[in-house]
Amino acid sequence: MQEGASETSTLPAQAKIFDEFLSTDESTGERKKISFAEKEKLYLECLDAYYNGDNPLLNDEEYEQLKLDLEFEGSTVATFNSKEIKFLVAAKRYQMGTPILSDEEYDKLRLSLKKTGSVVVLHEAPTCRVDTGVCKMDMRVDNGKQRLLYFPGTAAGLIIFCEACFWVLHIDPLLSIALGAIPAYFFGVWFTENIFAQSPLVTQSACPSCNFLLSIYFGDLFKVQTDGLASAPTPPQPEIDLVCPNCKIKLKANRETMVLSTLPKVVPAL
């Protein structure tokens with residue numbers, strides 16, 4: 001009897017996990033289901049009210065149930081970090097005419113999110129201006145290729161450390177690998193950024209004209225450009241010119257704004 005009673009008593013608490021969030025009508029008190037889009041909108045409105053000192057729209061239990069619902073339904077909104085939420089709230093407040101960030105703070109936050117590859121600020125399609133004919137596309141950091149730049153230095157550092165430990169200290173190779181992992185990492189960072197590459201950044205973006213996927217490298221290798229071994233000596237620039245191999249259109253990439261754009265169209269004089 002006691003065992004059956006304990007199982008029965010735990011059912012309501014467990015059942016709450018699987019209950020769907022229901023919205024409550026303020027005038028009638030009626031509870032009803034809302035769509036997925038309405039749940040995401042309500043979730044952002046709750047965060048807006050919380051961060052800006054407004055009256056809470058939901059109590060703690062309803063908020064947790066709403067967030068749990070969004071996570072079960074695969075919503076990306078429920079997984080946003082504090083900076084992404086702050087950006088969305090700031091954009092909403094700006095449209096409402098009550099900005100919470102200055103233009104400089106907003107641009108700085110947007111750029112930091114763009115450099116981390118946040119889906120909040122990245123556009124999947126190019127944006128074009130009719131008056132200039134310039135089309136722009138957001139660039140993303142290519143984390144895979146960016147890490148590959150640091151691999152040679154890290155691997156060389158680990159090999160040197162393991163050899164020194166084996167021949168000088170007679171340490172087991174497996175133990176030397178474990179001991180040398182962290183020093184080899186820092187050696188790889190120093191070697192890559194000071195000898196192998198200078199100001200390295202690997203990005204990727206679709207061509208704004210033909211949607212061809214491009215890999216764009218910023219920086220220098222072995223100081224070839226910096227020391228002028230191939231042309232006039234110039235340090236790595238934040239903006240580079242390139243040509244799309246597919247449609248042959250001239251492009252300009254900027255690492256500071258993380259934007260790939262076409263050049264303005266020249267209108268012939270009449």
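For Ser75 against Thr79, the heavy-atom pair with the smallest separation is O-CG2, 4.0 Å. Among all heavy-atom pairs drawn from Cys247 and Cys210, the shortest one is SG-SG, 3.6 Å. The heavy-atom pair separating Ala78 from Glu71 by the smallest distance is CB-CG, 3.9 Å. Taking each heavy atom of Leu47 and Ile85 in turn, the nearest pair found is CD1-CD1, 3.3 Å. Summarising the geometry of Glu256 relative to Pro238, their closest heavy-atom pair is OE2-CB, 3.7 Å, with the distance given to 0.1 Å. In terms of heavy atoms, Pro208 sits closest to Met137 at CG-CB, 3.9 Å.
In the hydrophobic cluster analysis, where Ile, Leu, Val, Met, Phe, Trp and Tyr join through side-chain heavy atoms closer than 4.5 angstrom, Val134 is grouped apart from Val243. The same ILVMFWY cluster, assembled from side-chain heavy atoms under 4.5 Å apart, contains both Phe186 and Phe191. Hydrophobic cluster membership is shared by Leu109 and Val119, with clusters built from Ile, Leu, Val, Met, Phe, Trp and Tyr side chains linked at under 4.5 angstrom. The hydrophobic cluster containing Phe161 also contains Leu175, counting ILVMFWY residues as joined when their side-chain heavy atoms lie under 4.5 angstrom apart, directly or transitively. Residues Phe166 and Ile159 do not share a hydrophobic cluster, defined by chaining ILVMFWY side chains whose heavy atoms lie under 4.5 Å apart.
Other members of a hydrophobic cluster containing Phe151 are absent, since no ILVMFWY side chain comes under 4.5 Å of it, directly or through relayed contacts. Through side-chain heavy atoms spaced under 4.5 Å, either directly or across other Ile, Leu, Val, Met, Phe, Trp or Tyr residues, Phe218 is tied to Met139, Val141, Leu201, Phe212, Leu214, Ile216, Ile240, Leu242, Ile249, Leu251, Met258, Leu260.
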Give the intermediate values and the outcome of side chain to side chain contact (heavy atoms under 4.5 Å, CB included) for residues Leu42 and Leu58. CA-CA 9 Å; Leu42 179 59; Leu58 301 174; 4.1 Å; yes
Run the side chain to side chain contact (heavy atoms under 4.5 Å, CB included) test on Gln198 and Gln225 for me, step by step, so that the C-alpha distance in whole Å, both residues' side-chain angles and the decisive distance to 0.1 Å come before the verdict. CA-CA 10 Å; Gln198 291 72 49; Gln225 180 181 353; over 6 Å; no
For side chain to side chain contact (heavy atoms under 4.5 Å, CB included), just list the numbers for Leu101 and Lys86, CA-CA rounded to whole Å, side-chain angles, deciding distance to a tenth of an Å, and then say yes or no. CA-CA 10 Å; Leu101 297 176; Lys86 184 179 181 181; 3.8 Å; yes
For Phe187 and Leu158, run side chain to side chain contact (heavy atoms under 4.5 Å, CB included): C-alpha distance rounded to whole Å, both residues' side-chain angles, the deciding distance at 0.1 Å, then the answer. CA-CA 9 Å; Phe187 174 80; Leu158 185 59; over 6 Å; no
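One distance of note links NZ of Lys248 with CG of Asn246; it measures 8.0 Å at 0.5 Å rounding. Going from atom CG of Asp107 over to atom OG1 of Thr257 covers 11.0 Å, rounded to the nearest 0.5 Å. Interatomic distance, OG1 of Thr127 versus NE2 of His123, reported as 6.5 Å (0.5 Å rounding). Put simply, CD on Glu45 and CG on Asp48 are 8.0 Å apart, with the number rounded to the nearest 0.5 Å. Between atom CG of residue Asp69 and atom CD of residue Glu40 there is a gap of 12.0 Å, rounded to the nearest 0.5 Å. Between Arg129 atom CZ and Ser261 atom OG the span is 12.0 Å, to the nearest 0.5 Å.
In this structure, the side chain of Lys223 does not engage the main chain of Asp220 through any donor-acceptor pair within 3.5 Å. Checked by atom type and distance alone, the side chain of Gln204 never pairs as donor or acceptor with a backbone atom of Ser215 at under 3.5 Å. At distances below 3.5 Å, not a single donor-acceptor pair connects side-chain atoms of Glu64 with backbone N or O atoms of Glu61. Distance alone, capped at 3.5 Å, is enough to place a donor-acceptor pair between the Thr154 side chain and the Tyr150 backbone. In this structure a side-chain-to-backbone donor-acceptor pair under 3.5 Å is present from Glu84 to Asn81. In this structure, the side chain of Asn194 engages the main chain of Trp190 through a donor-acceptor pair within 3.5 Å. Listed for the Thr192 side chain is no donor-acceptor partner under 3.5 Å among the backbone atoms of Val189.
Of the candidates Glu239, Lys136, Gln237, Asn254 forms a side chain to side chain donor-acceptor pair (under 3.5 Å) with just one, namely Glu239.
Salt-bridge check for Asp241 with Lys250: failed, with every basic side-chain N at 4.0 Å or more from each acidic carboxylate O.
Atom CD1 of Ile182 is surrounded by 12 or fewer heavy atoms from other residues, nucleotides or ligands within 6.0 Å. Taking a 6.0 Å sphere around CZ of Phe222, one finds it holds more than 12 heavy atoms contributed by other residues, nucleotides or ligands. At most 12 non-hydrogen atoms from other residues, nucleotides or ligands lie less than 6.0 angstrom from OH of Tyr185.
For Leu122, the side-chain contact (heavy atoms from CB on, under 4.5 Å) partners are Lys114, Asp138, Arg140, not counting sequence neighbours. By the ring pair (Phe, Tyr, Trp, His ring centres under 6.0 Å) test, Tyr106 is found to be paired with Phe87, residues two or more places apart in sequence or in another chain being considered.
Counting only residues at least two apart or on different chains, the side chain to side chain donor-acceptor pair (under 3.5 Å) pairs with a member in residues 167-178 are Glu163-Trp167. For residues 66-172, the disulfide (SG to SG under 2.5 Å) pairs, not counting sequence neighbours, are Cys128-Cys135.
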